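Before any comments, here is the structure.
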2 protein chains.
Amino acid sequence: MNISSRCDYACRAIVELAHYSPKDIPLTANAIATKRNIPEKYLVHILLQLKKAGMLLSVRGAQGGYRLAKKASDITLLDVVLAVDGSIMDPVPCDDESSPELKNTWEDMGNKITDALQSVTIQSILDNSPSADMYFI
Amino acid sequence: MNISSRCDYACRAIVELAHYSPKDIPLTANAIATKRNIPEKYLVHILLQLKKAGMLLSVRGAQGGYRLAKKASDITLLDVVLAVDGSIMDPVPCDDESSPELKNTWEDMGNKITDALQSVTIQSILDNSPSADMYFI
DNA sequence: CTTAATCCGACTCATTAAGTCAAGATTCTC
DNA sequence: GAGAATCTTGACTTAATGAGTCGGATTAAG
């Protein structure tokens, strides 16, 4: 039971994009990777997944890069996890015959985790964060 | 993010022991493995972990086996996960410098999952289960 | 045309989960 | 006491997967 680094990276990237914000100029994969300390070649794949999931827009070619496709308040952690990991939990090899009690239990756990992930938006992450900029005002 | 099969197996074994209940005669690893459809050689290691964590008692030699060391209502899923997997979540490689916002977020998630796991006892699993015995009364 | 990007599949590498094996230790039964 | 049953333990194998890299194709700006 753990957060994959793909997922962590994806969230960092989206947070960075949300933080950066300006609508016109997109951020390059390189810029995000550098700022958020993510292996660039790896990040590229993750950004692609996020794009395919409809969370990002991309512009190819020189001066290209990535932008958010939605408002930060409309992207939840659940969205990110699903986009990047496919599902929040691999179904346990819980063959119903031998242990039906546990099937329900694990499903309940999955639902609780899903709810928890869905209750956190990228915006709420930004809001709750002690903005680093504060110290420079 | 997933429930390890070790963990699933551990829960099945404990549920089986709790279900079986009688204080005197212990259940053998083989009996548990057979009834709950778990690879026996593998289960043996898991039972040992549970024993070391204080959840089970064992009796060696002929007529030996395992029993619960506590009441089913005093064993939570959190206990089992910790005993078997060591921790509920590997700490994400969340280097504080680059993404402090997420560190808090992942910690919160970890706490929510911990709470959820702690709120489920083996007894509650038995209670919520549509007892298979029902059909035989 | 050159440069700066994304796109995307194929690849390597290391870790770990899952499971097996075998030998030792302990206790029961006869 | 002998033999059988059972837990105890560590070493081993294997397969899957997460993490990350590489290189080439595509697209757009200057």
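The structure presented is a predicted model; accordingly, all values stated were derived computationally and were not measured. Each chain gets a letter, A, B and so on, in the order its sequence line appears, and its residues count up from 1.
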Review point. Would you call B:Arg67-B:Glu16 a salt bridge at under 4.0 Å N-O?
Key: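 Result for this pair is no, no salt bridge flagged.
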Point to revise | Sidechain N-carboxylate O distance under 4.0 Å for A:Lys112, A:Asp108 | key: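 Between A:Asp108 and A:Lys112 there is no salt bridge, as every charged N stays at least 4.0 Å from the carboxylate O atoms.
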Which whole-number value in Å describes the distance from [X] [atom1] to [N] [atom2]?
X: B:Leu17; N: D:dC7; atom1: CG; atom2: P; value: 11 Å
X: A:Ile32; N: C:dT6; atom1: CD1; atom2: C1'; value: 12 Å
X: B:Leu27; N: D:dT6; atom1: CG; atom2: C1'; value: 13 Å
X: B:Asp8; N: C:dA17; atom1: CG; atom2: P; value: 15 Å
X: B:Leu48; N: D:dG10; atom1: CG; atom2: P; value: 9 Å
X: B:Arg6; N: C:dT20; atom1: CZ; atom2: P; value: 13 Å
X: A:Ile46; N: C:dG9; atom1: CD1; atom2: P; value: 16 Å
X: B:Leu43; N: D:dT6; atom1: CG; atom2: P; value: 14 Å

For [N] and [X] - does any side-chain N or O of the residue sit under 4.0 Å from the phosphate oxygens OP1/OP2?
X: A:Lys41; N: C:dT12; result: no
X: A:Tyr42; N: D:dC22; result: no
X: A:Tyr9; N: D:dA19; result: no
X: B:Ser5; N: C:dA18; result: yes
X: B:Lys51; N: D:dT8; result: yes

Check your understanding: Is any N or O donor-acceptor pair between the side chain of A:Arg60 and the base of C:dT6 shorter than 3.5 Å?
Key ->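 Indeed, a donor on one side and an acceptor on the other fall under 3.5 Å apart.
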Check your understanding: With no angle test and no hydrogens, is the base of D:dT8 tied to the side chain of B:His45 by a donor-acceptor pair under 3.5 Å?
Key ->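 A donor-acceptor contact between them is absent.
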Exercise for review: Among C:dT20, D:dC7, C:dA18, find the nucleotide with the atom closest to the side chain of B:Ser4.
Suggested key: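 Nearest to the side chain of B:Ser4 among the choices is C:dA18.
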Practice item. Give the nucleotide from the list C:dA5, D:dA29, C:dG19 with an atom nearest to the side chain of A:Thr28. Key: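 Of the candidates, C:dA5 comes closest.
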Check your understanding: Taking for each residue the nucleotide of DNA chain C bearing the nearest heavy atom, is the 5' side occupied by A:Gln63 or by A:Ser58?
Key ->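 Its nearest nucleotide being more 5', the pick is A:Gln63.
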Review point. Can a donor-acceptor pair be found between the side chains of B:Asn111 and B:Thr114 at a distance below 3.5 Å?
Key: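 No - no donor-acceptor pair under 3.5 Å links their side chains.
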Check your understanding: Taking the nucleotide of DNA chain D with the closest heavy atom to each, which residue, B:Val59 or A:Val59, is nearer the 5' end?
Key ->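 Nearest-nucleotide comparison on DNA chain D picks B:Val59.
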Check your understanding: Would you call B:Ile125 and B:Val120 a side-chain contact if the rule is heavy atoms closer than 4.5 Å?
Key ->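 A side-chain contact exists here, since the closest heavy-atom pair is under 4.5 Å.
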Check your understanding: Under a 4.5 Å cut-off applied to non-hydrogen side-chain atoms, are B:Leu57 and B:Tyr66 in contact?
Key ->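 No; the side chains remain at least 4.5 Å from each other.
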Review point. Touch check for A:Gly61, heavy atoms < 4.0 angstrom, all strands: base, sugar-phosphate only, or nothing?
Key: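 It contacts base atoms.
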